[in-house]
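Below, read A as the first sequence line, B as the second, and so on, with proteins coming before strands; counting in each chain starts at 1.
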Protein chains: 2
Amino acid sequence: MDRKALFDQAVAFITSVHQVTYEMTKDFALGDITPVQYGILEYIAVAQPVTLSQVSDCKHISMPNTSRELKKLTDRGLCEKFDAPDDKRKQYIRLSPDGQAFMNAAFGHMEGQFRMRLATATEEQLEQLSAAMGVLQASLFSEKS
Amino acid sequence: MDRKALFDQAVAFITSVHQVTYEMTKDFALGDITPVQYGILEYIAVAQPVTLSQVSDCKHISMPNTSRELKKLTDRGLCEKFDAPDDKRKQYIRLSPDGQAFMNAAFGHMEGQFRMRLATATEEQLEQLSAAMGVLQASLFSEKS
DNA sequence: TTGTTTGATTATCAAATGATAACTAAAGAG
DNA sequence: CTCTTTAGTTATCATTTGATAATCAAACAA
């Protein structure tokens, strides 16, 4: 198989994923939440409870900046910090009820877009889709390295 | 098929794609080119020649800001503007030789990462991969809407 | 115990990005 | 020929984001 052609296909594919992700999320009102803050909330939503260091590592934001943004978010009542029982240096973070509601709305919006895109798909096509994502995530887009 | 589960899988998948894309590109030296500027160059590379308006539309940057960033890039000798023969209002943009060299290096780096990830894959797996990307791009990540 | 590492905070600064208004010139519509 | 729209530019401003230094307390290692 032609690896160069496969690479070109992968570039086009990645571009499409980014493009479609943008289109599926752009018309959700962030209010006064900045894109970076939204990314943090999204990460907390799927991984909570998390420490500040985890947010810093996973979202590639320096600790001082992570601390700053997270302070803003807690001040706005979207998430809560609580001490780790084992290590008094650590702080865990989770979404507050307001934060949960916000993220539920965000994910709900995304899911709506998602369903629209797949509205006309047959059962068989959905199975194919799931299988295709499985294949890709097991190989090209695995995060083990 | 459970659509909610499929949605969750899609969210995880999209996250992985973004994550891996970041990891494949992060250690390429941008020099004094900013991320937004890099995105513009990448777009020009695959779509050249393009007008300013096209860049603005596709990269979701307002015309004034597109004009500003493109001016910086042409000043640095990475791309060139030339008048459209048919419409004197339009300006086409293409990469300069330096810009081409830069983007060749960038794509070369990405391709290296890409090959590393697929180094142990069998011929059959590569075929599967290509097919999987085809399936996804034809359904979930099509950009027709 | 002393020194070092880790987790987090605050303060400050610089740079990148986004937004808006005002403007020019060419093209197109009536 | 006007009027409007399109393509692009310049200038300016606010905000967001990234980067760095200095600090603190707890944990850990010698």
- Quick one: label B/Thr66 by what it contacts on the DNA or RNA (base, sugar-phosphate, nothing), any heavy atom closer than 4.0 Å. nothing
- Item | Nearest-angstrom distance from the residue atom CD of A/Glu69 to P of C/dT9 | 13 Å
- Under 4.0 Å between any heavy atoms, over every strand shown, what does B/Asp87 touch: base, sugar-phosphate, or nothing? Just pick one. sugar-phosphate
- Message: With rounding to the nearest 0.5 angstrom, report the CE to OH distance, A/Met103 to A/Tyr43.
- Response: 13.5 Å
- Interatomic distance, A/Met63 CE vs D/dA21 P [rounded to whole Å]: 17 Å
- Any side-chain N or O of B/Lys81 less than 4.0 Å from the OP1 or OP2 oxygen of D/dT9? yes
- Query: Can you check whether A/Thr34 has a side-chain N or O nearer than 4.0 Å to OP1 or OP2 of D/dT17?
  - Reply: yes
- Query: What nucleotide, of C/dA8, D/dA26, D/dG8, holds the atom closest to the side chain of A/Leu52?
  - Reply: C/dA8
- Item | Atom-to-atom span, NZ of A/Lys90 to P of C/dT9 - whole angstrom | 14 Å
- Task: Indicate whether OP1 or OP2 belonging to C/dA8 is found under 4.0 Å from a side-chain N or O atom of A/Ser53.
- Result: yes
- Look at the side chain of A/Ser56 and the backbone N and O of A/Leu52, then say whether any donor-acceptor pair between them is shorter than 3.5 Å. no
- Could you check how far CD1 of B/Ile61 sits from P of D/dT16, rounded to whole Å? 18 Å
- Query: What does A/Asp86 touch in the nucleic acid at a heavy-atom separation under 4.0 angstrom: a base, only the sugar-phosphate, or nothing?
  - Reply: sugar-phosphate
- Query: Any salt bridge (Lys or Arg N to Asp or Glu O under 4.0 Å) pairs touching residues 30-46 of chain A, not counting sequence neighbours?
  - Reply: A/Asp32-A/Arg76
- Rounded off to whole Å, could you give me the CD1-to-C1' distance for the B/Ile93 and D/dA7 pair? 11 Å
- Under the 4.5 Å side-chain heavy-atom rule for ILVMFWY, direct or indirect, which residues accompany B/Tyr92? B/Phe82
- Task: Measure distances between side-chain N and O atoms of B/Arg68 and base N and O atoms of D/dG8, and say whether any donor-acceptor pair falls under 3.5 Å.
- Result: no
- Closer to the 5' end of DNA chain D via nearest nucleotide, is it A/Arg89 or B/Thr51? B/Thr51
- Roughly, in whole Å, what's the span from NZ in A/Lys88 to P in D/dC24? 20 Å
- Query: Pick the nucleotide of DNA chain D nearest each of A/Pro64 and A/Val36; which residue has the one closer to the 5' end?
  - Reply: A/Val36
- Task: Please report the C-alpha distance between B/Thr74 and B/Glu80 in whole Å, then the side-chain angles of each, then the deciding distance to 0.1 Å, and finally whether the side-chain contact (heavy atoms from CB on, under 4.5 Å) criterion is met.
- Result: CA-CA 6 Å; B/Thr74 52; B/Glu80 302 165 340; 5.8 Å; no
- What is the distance, rounded to the nearest whole Å, between atom CD of B/Gln91 and atom P of D/dT6? 19 Å
- Message: Rounded to whole Å, how long is the line connecting atom CG of B/Leu73 with atom P of C/dA16?
- Response: 12 Å
